[in-house]
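Written out below as structure tokens is the structure these notes cover.
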Amino acid sequence: MNRTVLLVNRPSRFALAARRHLVMLGLALCCAGVQAQAPAIGQGPGYHDPRSPFKPLQEREGVLSWSLLSSVSTKAEKNRLVPTFPAPVQALNQKKVKVQGFMMPLEPGDKQRHFLLSSVPTSCSFCVPAGAEGLIEVFTQQPVRYTLEPVLVEGVLAVLSDDPYGLFYRINGGQGLGAP
């Protein structure tokens, strides 16, 4: 009796390598136009693609400004960017703030307790829309319903100078306040 098994659905090593190469090429081409016009890391809150169906966020009274958060400067040290925060940003450390932005879920499901808040909407599902100066990691007490529209969050802001993931800001004990 012949016990030969055909692995019809199993891709070869070559096919896997080719697929990986195509995905990386696709990512590079997808993001190339955005990166060509985006500010350098540490020099802005992100790039708002003019083709985006979402309007840029408008600064509001009583809501933390992304232009203030993005005023951080950076310097390269040992394969990482080290932030230098201006005094007005340092003064916000461990203070309760309100901030508006676009949700980037970090968990499955339509209700999120841990997500990134971005100063600009995503324009590519493979790209991060902003550098560390345009993102805030958020932990909320109650889940916040995911939406493509901007959300308003309130919580205690941590200004991070040595985060292992390269983040500059985190909100702890947050709560969603709905649409700005």
Side-chain angles (χ1 to χ4, degrees), residues 27 31 34-49 52 54-107 112-144 146-177 179-180:
L27 289 175
C31 298
V34 173
Q35 289 176 349
Q37 299 169 347
I41 292 175
Q43 297 185 5
Y47 175 73
H48 190 99
D49 192 326
S52 173
F54 304 101
K55 295 178 185 172
L57 295 172
Q58 300 298 312
E59 291 198 17
R60 299 176 42 209
E61 184 72 31
V63 176
L64 184 56
S65 163
W66 282 103
S67 60
L68 175 60
L69 292 175
S70 67
S71 65
V72 62
S73 60
T74 58
K75 61 181 176 177
E77 276 185 15
K78 298 181 183 177
N79 297 331
R80 67 185 191 102
L81 290 176
V82 177
T84 303
F85 299 101
V89 174
Q90 290 176 357
L92 295 171
N93 191 37
Q94 301 307 314
K95 302 285 192 231
K96 194 171 195 174
V97 298
K98 290 180 184 176
V99 65
Q100 63 181 345
F102 298 91
M103 287 181 82
M104 294 179 59
L106 295 175
E107 300 172 337
Q112 303 290 311
R113 294 182 97 153
H114 180 212
F115 55 92
L116 293 177
L117 199 62
S118 172
S119 59
V120 294
T122 58
S123 59
C124 166
S125 57
F126 299 105
C127 305
V128 177
E133 66 282 355
L135 298 171
I136 300 175
E137 182 179 27
V138 178
F139 291 95
T140 61
Q141 296 171 343
Q142 301 297 320
V144 177
Y146 173 70
T147 178
L148 295 173
E149 299 295 327
V151 296
L152 184 62
V153 175
E154 181 177 48
V156 178
L157 181 71
V159 177
L160 311 170
S161 58
D162 194 23
D163 183 70
Y165 299 108
L167 295 169
F168 294 169
Y169 305 107
R170 180 175 296 125
I171 288 184
N172 292 304
Q175 66 179 31
L177 302 176

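Please read all numbers here as calculations on a predicted model, not as lab measurements.
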*asked:* What's the separation between atom NZ in Lys95 and atom CG in Leu157, rounded to the nearest 0.5 Å?
replied: 11.0 Å

*asked:* Using every non-hydrogen atom in the two residues, find where Ser119 and Leu57 come nearest and quote the distance to one decimal.
replied: O-CD1, 3.5 Å

*When rounded to the nearest 0.5 angstrom, what is the spacing between CD1 in Ile171 and CD1 in Ile136?*
4.5 Å

_Heavy-atom pair with the smallest gap, counting every atom of Leu148 and Phe102_ = O-CD2, 3.5 Å

_Nearest-0.5 Å distance, CG of residue Leu135 to OH of residue Tyr165_ = 15.5 Å

_Any donor-acceptor N/O pair, Trp66 side chain to Ser118 backbone, under 3.5 Å_ = no

_I need the minimum non-hydrogen distance between His114 and Glu107, along with the two atoms involved._
CB-OE2, 3.4 Å

*Find out whether Leu64 and Leu92 are in side-chain contact, i.e. whether some heavy atom of one side chain is under 4.5 Å from a heavy atom of the other.*
yes

*Side chains of Met103 and Glu149 in contact at under 4.5 Å (non-hydrogen atoms)*: no

*Please report the closest heavy-atom contact between Val89 and Val159, naming both atoms and the distance.*
O-CG2, 3.6 Å

*Closest approach of Glu154 and Leu177, non-hydrogen atoms and distance?*
CB-CD1, 3.7 Å

_Heavy-atom closest contact (Glu133 atom, Val72 atom, distance)_ = CB-CG1, 3.6 Å

*Could you tell me whether the side chain of Gln142 and the main chain of Gln175 form a donor-acceptor pair under 3.5 Å?*
no

*When rounded to the nearest 0.5 angstrom, what distance separates CG in Leu117 from CZ in Arg170?*
14.0 Å

_Can a donor-acceptor pair be found, under 3.5 Å and without considering hydrogens, that links the side chain of Tyr146 to the backbone of Pro105?_
no

*OH on Tyr169 to OG on Ser70, rounded to 0.5 Å*: 7.5 Å

*How many angstroms lie between CZ in Arg60 and CG in Leu152, if you round to the nearest 0.5 Å?*
5.5 Å

*Using atom types as modelled and distance alone, determine if a side-chain donor or acceptor of Gln90 lies under 3.5 Å from a backbone N or O of Phe85.*
yes

